[in-house]
**Q** 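Dropping the structure in here first, questions after.
Here is the naming used below: chain letters follow the sequence lines, and residue numbers restart at 1 for every chain.
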Amino acid sequence: MSLHELVIESAARDPEALAVTGPGGDLRYGELDRRANALAAELAGRGVSPGDRVVIWTSKSAAAVVAMQAVLRLGAAYVPASAATPAGRMAAMARDCGAAAICAAAELVPLIPDDLPASVRRVDLTEFLAAAHPESAPADHQVTTGELAYILYTSGSTGTPKGVCISHGNARAFVDWAAAELAATPADRFASHAPFTFDLSVLDLYAAFAAGAAVCLIPADLAYAPRRLVEFVHQQRISVWYSVPSALILMMRDGGLLDQAAPAALRAVLFAGEPFPIRYVRWLSDWTRARLLNLYGPTETNVCTFHEVGPADLARDRPAPIGKPCSGDRAWAVRPGGGVARSGEEGELLVDGPTVMRGYWGRRPQAGPYATGDIIRVLPDGSYDYVGRNDHMVKVRGHRVELGEVESVLNAHADVAEAVALTVGEGLDTRLVTVVAPSPGRDPGVLALKRHSAQRLPTYMIPDEIRFAAELPRTASGKIDHLALAADVARDDAAATAPEEKTP
Amino acid sequence: MTNALSEDQVSERLLAFIRERFLSGDPRGELEDSTPLLEWGILNSLNTAILIGYIREEFGTFVALEKVDAATFRSVATISSMLCETAAEPNA
């Protein structure tokens with residue numbers, strides 16, 4: 001029951017069926033299968049063995065998919081990095097997980113830092129895939145369900161990204177549920193909106209592969225270009241769309257999604273990652289007869305609950321529920337004082353079952369249920385409403401950001417005495433703002449700090465706005481007063497947008 | 001209209017807009033026309049749409065969808081040169 005057998009089996013059934021379309025061209029299942037075998041042979045020849053980790057550093061492309069398949073077939077785990085991942089961060093990931101190799105696009109190979117040991121093999125993915133290779137023997141390492149399939153690095157509150165370790169069994173529990181729930185068939189065309197570093201992409205890729213369907217890749221620079229996304233849905237005859245609500249809101253608000261009739265092929269729209277304000281869901285529901293599914297789950301558990309939107313949800317004045325457990329998981333909430341929350345009560349959601357990660361790389365294995373840090377309310381029918389977080393993790397356009405990680409990066413700049421990160425606004429308009437107190441006698445610039453952040457953080461964690469303050473407000477106990485700072489920022493915003501008033 | 005302006009003049013206006021809207025006024029005067037806008041997160045997925053709206057109003061130029069990509073929006077210089085090329089095309 002491996003993750004890689006999905007492509008192998010679909011290729012055996014219908015090698016001519018389209019598997020991947022996107023930047024770098026189309027790949028049919030047979031070609032994907034052959035190329036994955038060829039690259040697996042190359043990697044094995046360079047010393048990659050079962051149980052190893054391999055970083056894949058490239059843009060969203062057919063080549064990236066080939067690389068993922070090749071690594072899995074060797075019984076190794078892949079670690080995706082996007083082309084926008086700074087070289088320093090990619091190298092930190094490679095070091096953290098002790099990567100055996102880095103497969104990188106040609107333009108990124110020269111940027112791999114020289115201080116990574118030579119034992120970390122460098123593979124030019126572009127060059128390898130452009131060349132002709134003799135037919136390789138099929139690679140299909142037999143794995144147990146507990147062996148690692150991939151590691152996704154997420155924002156860590158202490159300033160160091162954490163590698164979430166997902167096994168073949170974890171991934172298959174989710175993928176098999178998704179493919180069955182969607183009743184996916186070879187005629188389906190899945191849109192792939194999320195970057196491969198983000199767990200939403202697991203559904204797009206592997207539910208498609210499970211069914212022998214096509215996955216249509218949306219390159220990163222299109223992901224938030226509203227009109228082009230709308231064109232994409234029509235031109236690619238997408239049948240299953242899955243993204244963060246922010247992307248759908250942008251398509252409705254600025255991309256004219258609702259101006260044309262919904263494409264006939266569209267039969268399911270899935271969303272996850274952040275609350276979706278209900279009025280936008282009403283608009284979607286008026287526009288298309290496609291099923292609307294709200295999926296929930298942190299990277300550590302992938303999707304562990306879901307809810308299909310119905311008329312009763314549209315009549316409510318709040319986002320659709322996150323629903324009930326799925327993927328074979330159990331989920332329950334623990335009240336602040338202890339005890340399992342019952343109908344009408346709130347508590348932190350705990351998840352146990354086959355999708356719960358093996359643990360964070362380099363730390364103790366996950367034992368028992370995973371505490372999500374998400375507060376939920378139990379509804380009368382036993383499903384859950386999302387309420388909020390119990391810590392400093394925030395969502396910016398669906399990406400999770402630990403404010404502490406942004407702060408620690410800025411604090412590492414010589415001109416910064418102290419930095420505080422916070423978010424203002426809601427939904428699509430959420431902005432990541434940092435307030436910086438400069439070091440004595442220093443006068444850092446906005447751009448210098450942006451560049452400093454861009455060299456260390458993924459794009460979505462670069463502060464949208466950097467403000468300066470001689471001193472940061474403190475509480476009586478001397479801690480930084482986050483509430484007062486948030487109020488200051490909100491007040492400045494209101495003043496900036498208010499109509500000008502002149503005093504006589 | 002774009003064709004009445006030189007590439008330098010277009011750049012100046014874009015620089016002023018980006019400083020004002022996305023860089024808290026850029027008090028240190030760090031922004032240059034070669035500054036990598038996307039790479040340093042000065043332009044991101046969302047405020048790019050705001051910049052495109054500004055270009056439409058300020059220069060009367062519709063930015064064709066196929067021109068909205070990472071190469072054209074790399075820096076103020078690349079945006080200006082794209083705008084001036086667009087203006088020079090007979091049907092633009």
Side-chain angles (χ1 to χ4, degrees), chain A residues 23 59 83-84 86 219-232 244 246-247 249-250 253-255 396-399 415 425 428-436 443-468 492 496, chain B residues 11-12 14-57 61-79 81-83 86 92:
Chain A
S59 60
D221 57 349
L222 275 198
Y224 287 92
R227 290 201 170 271
R228 296 187 69 178
L229 287 179
V230 172
E231 273 183 10
F232 177 90
V244 290
S246 287
I249 294 173
L250 199 67
R253 211 171 70 175
D254 303 326
V396 180
R397 299 181 277 283
H399 288 282
D415 293 348
L428 186 57
D429 299 315
T430 305
R431 285 175 304 132
L432 183 59
V433 177
T434 54
V435 183
V436 170
D443 196 11
V446 175
L447 222 62
L449 294 181
K450 283 237 186 202
R451 179 172 64 172
H452 173 83
S453 307
Q455 286 164 345
R456 291 161 179 83
L457 294 168
T459 317
Y460 63 87
M461 285 175 67
I462 302 171
D464 292 311
E465 209 176 306
I466 296 173
R467 299 180 180 210
F468 296 95
D492 288 354
Chain B
S11 289
E12 273 314 309
L14 291 173
L15 286 168
F17 180 79
I18 292 169
R19 285 182 179 122
E20 171 69 30
R21 288 298 297 274
F22 308 143
L23 291 173
S24 315
D26 187 17
R28 300 284 90 71
E30 298 160 286
L31 183 70
E32 296 173 6
D33 64 0
S34 60
T35 301
L37 299 174
L38 294 166
E39 193 184 322
W40 292 2
I42 296 160
L43 281 185
N44 59 35
S45 45
L46 290 173
N47 64 16
T48 303
I50 296 172
L51 181 65
I52 291 170
Y54 167 78
I55 289 169
R56 186 183 311 161
E57 281 180 24
T61 308
F62 283 88
V63 178
L65 290 178
E66 65 272 14
K67 296 206 166 137
V68 184
D69 63 22
T72 345
F73 279 73
R74 194 167 54 81
S75 66
V76 165
T78 59
I79 302 173
S81 106
M82 177 266 296
L83 289 176
T86 304

**Q** Please flag which part of A:P444 lies under 4.5 Å from any non-hydrogen atom of chain B: side chain, backbone, both or neither.
**A** backbone

**Q** Need one label for B:T48: side chain, backbone, both or neither, based on atoms under 4.5 Å from any heavy atom in chain A.
**A** neither

**Q** Using heavy-atom distances under 4.5 Å, tell me whether A:A448 contacts chain B through its side chain, its backbone, both, or neither.
**A** both

**Q** I'd like to verify something: which residue of A:I462, A:L250, A:D443, A:I466 has the highest number of heavy-atom pairs under 4.5 Å with chain B?
**A**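 Ranked by contacts with chain B, first place is A:D443.
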
**Q** Relative to chain A, which segment of B:F73 carries a heavy atom at a distance below 4.5 Å: side chain, backbone, both, or neither?
**A**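 Nothing of B:F73, per the 4.5 Å heavy-atom cut-off to chain A.
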
**Q** In terms of heavy-atom pairs under 4.5 Å, which option from B:I42, B:D26, B:I52 contacts chain A the most?
**A**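 Of B:I42, B:D26, B:I52, B:I42 has the most heavy-atom pairs under 4.5 Å with chain A.
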
**Q** If you measure from CD on B:E32 to CG on A:L447, what distance do you get to the nearest 0.5 Å?
**A**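 If I round to the nearest 0.5 Å, the distance is 9.0 Å.
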
**Q** Do you know which of A:R467, A:E465, A:R397 has the most heavy-atom pairs under 4.5 Å to chain B?
**A**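 Sorted descending by pairs with chain B, the first entry is A:R397.
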
**Q** Check for a donor-acceptor pair, side chain of B:E30 on one end and backbone N or O of A:V446 on the other, with a separation under 3.5 Å.
**A** yes

**Q** Do B:L23 and A:K450 make a side-chain contact, defined as non-hydrogen atoms from C-beta onward lying under 4.5 Å apart?
**A**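 Contact flag for B:L23/A:K450 side chains = yes.
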
